[in-house]
Every structure is written in C-alpha cells, then in structure tokens.
Amino acid sequence: ASTDINNTVDFGINLAKGQVFGYLLNDAGAGIRGISVELQGDKFTRRVQTGDNGKFSFPGIPAGEYTITTLADSYPPGYSLQALAPQRVTVDPGKPASLQFTVKALRSIAGKIMVYDKATLQTVPLAGAIVRLKELGLEAISGENGAYIFRSLPAGTYTVSVEHGGKKAARTVVVPSSPASIRGIDLNAGTR
C-alpha cells in the first residue's frame, strides 16, 4: 500500500484454511455416488455426499485433527461394510489432506445344472455335478435341486462350465463393478 507520511495504514492477515478431500471407491475401482461422508473435529461436524465419481470434499477447514467416516445407512444394498473403518487426517493451513475409502461390492453367480432323463423323458436337476468358474479356478457342487452358487466374486468376465457323461456345457458371464446377484445361469449337462 502507498500512503503519505504520518498516515496510518491497517493490514490484516488472513490465515489460509485447509481442505480435506478424497474418494469412495468399490473394490473394482469405481466411484460410489450419493454416500454420506462425515468429518468430525473437536468443535464441529460436517457432512457431504459423494459425487458421481465417488469424490467428496470439505473445503475451508481449520488446521487440526479430524476423523472421517462414511455413514452405513446411506449405502445401497450390496456392499460389505464390516472392514470399513473411520480414518484420521491432519489438516495444515493451505495444504489439502487426502484419503480414500474402498468398499467391497458383493457379487455372485448362481444357476442350476439340468440333465435330460431318458427314463422319464423330462429335463430334471442334476445333483452332485462339479461346476467350474474357469478364470478363478473355483468349483461348486450342485445340490439336490441342481442349484449352485459362486459368491464374493471380483468384477470381470467368467466362464461357468460343467462336464457330465463326456459332454461339456459352458456359458460366459460378465460380472459388473457394481454389486450384482446374477441368477439363472443354467446349464444343460446332456442326458442320463
């Protein structure tokens, strides 16, 4: 500031505030939208919601220690929240603090193994068939009603197959990054 001699000039100092930002992602790396995130400090609490890409931000935060949590009741069905713990961050003036939460999405593939029964001339469930999920090296055995299920799957493209009486049947299934319970992946294992 410029002034004449013997004048008073007042100056103020504006201490820069800090910022906390981060992402809420599922185990496939996709952002989760619309989840409430809470910041708790000694003197106040703030809440925001995650955006389309899972990003959240708390601008204008005074320096200090904060606990960040996501609110379980704001999640849609299909996420495993047992391993989701609060995180602590330290905010310094003018320096953003960042963090990331990762949540496991629940994904499964289920269906029935069927076989044509020559004696009854009908398609019936096949119990005890070994069903394979090739890419992950997993196996399941069909139950009395021919049903099988693979749980806790990562996102990806898989081949579900069964062999019976020298015949092999297979289907390709795409498991999305979001929670998914894919049903009706039925396979016909031939005749008996």
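On a predicted model such as this, the values are computed, not experimentally measured, just so you know. Residues take their numbers from the sequence shown, with the count starting at 1.
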Minimum heavy-atom separation for Ala155 to Ala28, with atom names? CB-CB, 4.0 Å
Strictly distance-based, threshold 3.5 Å: is any side-chain N or O of Ser142 a donor or acceptor partner for the main-chain N or O of Ala129? yes
More than 12 heavy atoms of other residues, nucleotides or ligands under 6.0 Å from CZ of Arg183: is that the case? no
Any donor and acceptor pair, going by atom type alone, linking the side chain of Asn26 with main-chain N or O of Gly29 inside 3.5 Å? yes
Distance from Leu39 atom CG to Thr45 atom OG1, nearest 0.5 Å? 7.5 Å
If you measure from CD on Glu65 to CG on Asp42, what distance do you get to the nearest 0.5 Å? 9.0 Å
With the threshold set at 4.0 Å, does a side-chain nitrogen-carboxylate oxygen contact exist between Arg46 and Glu38? no
Taking Ser57 for its side chain and Phe21 for its backbone only, find out whether a donor-acceptor pair lies under 3.5 Å. no
Does any non-hydrogen side-chain atom of Val103 lie less than 4.5 Å from one of Ile32? yes
Check whether any side-chain N or O of Arg107 sits under 3.5 Å from a backbone N or O of Ser177 as a donor-acceptor pair, and report yes or no. yes
Does any part of the side chain of Ile185, heavy atoms only, come nearer than 4.5 Å to the side chain of Tyr148, both counted from C-beta? yes
CG on Leu24 to CZ on Arg33, rounded to 0.5 Å: 13.0 Å
Do Arg192 and Leu126 have side-chain heavy atoms sitting under 4.5 Å apart? yes
Between the CG atom in Leu187 and the CD1 atom in Ile113, the distance rounded to the nearest 0.5 Å is 4.5 Å
Can you tell if the side chain of Val175 reaches within under 4.5 Å of the side chain of Ile182, non-hydrogen atoms only? yes
Same apolar cluster: Val124 and Leu121, side chain cutoff 4.5 Å: no
Between Leu106 and Leu81, is there shared hydrophobic-cluster membership here, with clusters defined by ILVMFWY side-chain heavy atoms closer than 4.5 Å? no
Assess whether side-chain contact (heavy atoms from CB on, under 4.5 Å) is satisfied between Val115 and His164, documenting all intermediate values. CA-CA 9 Å; Val115 66; His164 177 71; 4.1 Å; yes
Looking at every heavy atom in both Ala189 and Val162, which two are closest together, and how far apart are they? CB-CG1, 4.3 Å
State whether Lys112 and Asp186 are salt-bridged, where the test is any N-O pair (Lys NZ or Arg NE/NH1/NH2 against Asp/Glu carboxylate O) under 4.0 Å. no
Quick one, Tyr75 with Thr70, criterion side-chain contact (heavy atoms from CB on, under 4.5 Å). Give me CA distance, side-chain angles, the key distance, then yes/no. CA-CA 9 Å; Tyr75 282 86; Thr70 61; 2.9 Å; yes
Hydrophobic cluster identity match, Leu133 and Ile141, side-chain contacts under 4.5 Å: no
Walk me through it: do Gln40 and Thr67 pass the test side-chain hydrogen bond (donor to acceptor under 3.5 Å, both in side chains)? CA-CA 5 Å; Gln40 290 183 325; Thr67 301; 5.4 Å; no
Would you say Arg132 and Thr159 make side-chain contact, with heavy atoms under 4.5 Å? no
What's the spacing between Ser181 OG and Ile149 CD1 if we round to 0.5 Å? 6.0 Å
Does Lys104 make a cation-pi contact with Tyr79 (under 6.0 Å, within 45 degrees of the axis)? no
For the backbone of Asp27 and the side chain of Thr102, can you confirm whether one donor and one acceptor N or O come within less than 3.5 Å of each other? no
Determine whether Ser98 and Tyr23 satisfy the following criterion, side-chain hydrogen bond (donor to acceptor under 3.5 Å, both in side chains), listing intermediate values before the conclusion. CA-CA 9 Å; Ser98 66; Tyr23 290 89; over 6 Å; no
Enter the distance from Lys134:NZ to Thr172:OG1 here, rounded to the nearest 0.5 Å. 9.0 Å
Tell me if a side-chain donor or acceptor on Ser108 pairs with a main-chain N or O of Arg151 at a distance below 3.5 Å. no
Out of curiosity, does Leu84 fall in the hydrophobic cluster containing Leu25 (side-chain heavy atoms, cut-off under 4.5 Å, transitive links)? no
Within the 4.5 Å heavy-atom criterion, are Gln49 and Phe56 side-chain neighbours or not? no
Counting only heavy atoms not in Gln100, do more than 12 sit closer than 6.0 Å to its CD atom? yes
Going by heavy atoms in the side chains, are Val89 and Ile68 under 4.5 Å from each other? yes
With a 4.5 Å cut-off on side-chain heavy-atom distances among I, L, V, M, F, W and Y, is there a chain of contacts connecting Met114 to Val160? no
Could you tell me if the side chain of Val173 sits less than 4.5 Å from the side chain of Phe150, heavy atoms only? no
